[in-house]
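Start at 1 and go down the list; that is how both ligands and their atoms are numbered. Here the structure is a predicted model, which is why all the values come from computation and not from measurement.
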Amino acid sequence: MRVDIITLLPGIFDNVFAESVLGSAIRNGLIEIVLHNFREFGDGRHRTVDDTPFGGGPGMLLKPGPLISCLNDVRQAAQPAPVIGLTPQGIRFDQQVARSLAGYSRIILVCGRYEGFDERIVNEFDVQLSIGDYVLTGGEIAAMAVVDAVSRMIPGTVGRQESVEQDSFFDGLLDHPQYTRPATWEGQVVPAVLQQGNHAHIESWRRSNSLLRTAVARPDVFRAAAVSESDREYLQKVMKRRH
Ligand code: 6GU
């Protein structure tokens with residue numbers, strides 16, 4: 001997959017894309033990241049990319065000219081690709097969006113700075129994504145989150161693809177608790193069922209704990225998850241026991 005990132009701060013991506021899972025995916029040619037600084041398309045001697053908003057108000061807006069010239073260049077550099085704007089006005093980026101983006105052989109991410117984009121830039125976006133209900137100083141950290149989450153859905157990036165299939169949210173539920181050695185640490189004991197090695201019992205323990213965690217911490221996620229009749233019966237039993 002090729003990811004083009006349009007930004008005023010290409011340097012802040014270097015370490016994130018050099019290390020760990022993302023770094024090896026890039027070195028192994030599974031992902032290609034191409035950074036583009038649209039300052040190069042800025043106006044005049046100062047390479048200006050922003051201006052004050054019509055109608056007044058605080059802050060500066062990104063002008064359409066420089067960014068869209070850069071975007072047009074990037075579009076022409078390789079095969080057609082969806083143009084994704086990173087803005088707090090976007091639809092919420094989640095595991096489902098990550099999975100659908102992983103199906104593309106190329107995506108273009110556009111990061112804003114300042115108070116926002118002139119609306120004629122927004123008109124160039126096929127979709128806008130937000131990573132949550134808070135305001136960041138720019139789209140770069142959001143772009144890193146998108147690239148990270150999307151890359152691990154590409155076969156070969158994460159050591160074993162089963163580990164991706166067992167992630168939180170993959171089946172619409174949060175992860176169950178997990179333990180490694182030692183079996184007892186500072187008086188806290190790993191649940192016996194996990195130590196006994198009966199796979200059917202372990203699976204059922206994991207499923208029930210995923211269900212419980214999700215229902216308690218994220219009722220919104222729980223309502224949207226594929227929960228079976230036997231899952232529901234189990235949860236009802238647990239709730240009764242608690243009262
Ligand atoms: Cl994508 N950009 C900015 N600037 N702030 C955000 C965001 C994006 N997602 C959440 N907050």
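With a 6.0 Å radius and a threshold of 12 heavy atoms from other residues, nucleotides or ligands, Arg120 has its CZ atom at or below the threshold. More than 12 heavy atoms of other shown residues, nucleotides or ligands fall within 6.0 angstrom of atom CD in Gln195.
With a 4.5 Å cut-off on side-chain heavy atoms, Ile33 and Phe13 do not count as touching.
Here ring pair (Phe, Tyr, Trp, His ring centres under 6.0 Å) pairs that include residues 110-141, with residues two or more places apart or in two chains, are Phe117-Phe125. For residues 36-94, the set of pairs meeting the ring pair (Phe, Tyr, Trp, His ring centres under 6.0 Å) definition, not counting sequence neighbours, is empty. Residue pairs satisfying the ring pair (Phe, Tyr, Trp, His ring centres under 6.0 Å) criterion with at least one member in residues 195-224, sequence neighbours excluded, are absent.
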Provide, line by line, the atom pairs where ligand 1 and the protein bring an N/O atom each to a distance under 3.5 Å; else say none.
residue, atom, partner, partner atom, Å
ligand 1, 4 (N), Leu136, O, 3.2
ligand 1, 5 (N), Leu136, N, 3.1
ligand 1, 9 (N), Ser130, OG, 3.4
ligand 1, 9 (N), Ile131, N, 3.0
ligand 1, 11 (N), Tyr134, O, 2.5

